[in-house]
Amino acid sequence: MALALTSRRSTLAAVASALAAMALAAAVAGRSCRVSQPGPEAAVRDMLQAAKIGNRDLVFSLLAPATQDRLAAEAKRATDLVGASQRYAAKDLISIGSSDGTADPTDLTVVEESGDRAVVEVVSPGGRARLALVRIDGRWRIDVPAYGAPPYAAP
């Protein structure tokens with residue numbers, strides 16, 4: 001009888017150990033498989049790649065809604081200026097030039113991030129530039145606040 005009781009205990013202990021090991025493995029695997037959201041620098045990288053391949057639709061989709069709205073307003077204004085003989089869409093105002101002979105950025109750094117706003121510095125052999133980004137529905141978008149603003153007039 002003592003042998004049967006010992007055998008049952010060791011079986012229960014083995015099952016309990018196996019369950020504990022599986023629970024631990026699932027917890028560890030679950031943590032390592034968690035996908036983090038891409039940061040603001042990923043949106044800038046995507047914008048650079050879209051511009052490089054000339055994908056105007058993707059460039060437009062990576063812009064913040066406020067920037068898209070400004071482009072739409074400027075497209076309407078351009079259409080009005082030509083007497084509606086030609087209709088412009090917001091995407092028509094996106095100019096993507098050739099990047100042949102232009103060095104790719106050497107560094108993209110998030111220099112500021114607070115809540116749903118960020119600033120990414122782009123460093124290339126040609127210099128440095130900072131881009132403002134906003135997070136909309138969990139996705140980072142590039143915001144160009146001065147787009148369509150009247151040029152600065154010296155007093």
Is there a side chain to side chain contact (heavy atoms under 4.5 Å, CB included) between Leu133 and Val44 once you walk through the steps? CA-CA 9 Å; Leu133 290 93; Val44 173; 4.0 Å; yes
Steps toward side chain to side chain contact (heavy atoms under 4.5 Å, CB included) verdict (Leu62, Arg139): CA-CA 9 Å; Leu62 290 166; Arg139 282 186 55 201; 3.8 Å; yes
Can you list the steps and then say if Tyr88 with Val82 is a side chain to side chain contact (heavy atoms under 4.5 Å, CB included)? CA-CA 10 Å; Tyr88 291 99; Val82 296; 4.1 Å; yes
Begin with the C-alpha distance, continue with both residues' side-chain angles, and end with the deciding distance and a verdict on side chain to side chain contact (heavy atoms under 4.5 Å, CB included) for Glu113 and Trp140. CA-CA 11 Å; Glu113 186 174 348; Trp140 287 102; 3.6 Å; yes
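Among residue pairs with one or both ends in residues 39-48, none qualify as salt bridge (charged side-chain N to carboxylate O under 4.0 Å, His left out); sequence neighbours excluded.
Side-chain N or O atoms of Glu121 include none that pairs as donor or acceptor with a backbone N or O of Ala129 at under 3.5 Å. At least one donor-acceptor pair under 3.5 Å links the side chain of Arg135 to the backbone N or O of Gly115. Ser124 places a side-chain N or O within donor-acceptor distance of the main-chain N or O of Gly126, the cut-off being under 3.5 Å.
Here CG of Asp143 is found 4.0 Å from OG1 of Thr67. Values are rounded to the nearest 0.5 Å. Annotation: the span from Arg56 atom CZ to Lys91 atom NZ amounts to 10.0 Å, rounded to 0.5 Å. Rounding to the nearest 0.5 angstrom, the gap separating the CG atom in Leu108 from the CG atom in Leu48 is 6.5 Å. Rounding to the nearest 0.5 Å gives a distance of 10.0 Å between CD of Glu74 and CZ of Arg70. To the nearest 0.5 Å, atom NZ of residue Lys52 and atom CE of residue Met47 are 15.5 Å apart. The structure places OG1 of Thr106 at 8.0 Å from CZ of Arg128, a figure rounded to the nearest 0.5 Å.
Other residues sharing a hydrophobic cluster with Val134 under the 4.5 Å side-chain heavy-atom criterion for ILVMFWY residues are Ile136.
Hydrophobic cluster membership is shared by Leu58 and Leu71, with clusters built from Ile, Leu, Val, Met, Phe, Trp and Tyr side chains linked at under 4.5 angstrom. Residues Ile142 and Ile94 share a single hydrophobic cluster, defined by chaining ILVMFWY side chains whose heavy atoms lie under 4.5 Å apart. Residues Val110 and Val119 are members of separate hydrophobic clusters, defined by side-chain heavy-atom contacts under 4.5 angstrom among Ile, Leu, Val, Met, Phe, Trp and Tyr.
Using a 4.5 Å heavy-atom cutoff, the side chains of Val123 and Thr109 are not in contact.
Residues Pro65 and Arg141 share a closest heavy-atom pair of CD-NH1, 4.5 Å.
One finds no salt bridge joining Asp92 and Arg87 here, because no Lys/Arg side-chain nitrogen approaches an Asp/Glu carboxylate oxygen to under 4.0 Å.
In this structure, Asp69 has no salt bridge (Lys or Arg N to Asp or Glu O under 4.0 Å) partners at least two apart in sequence or on a different chain.
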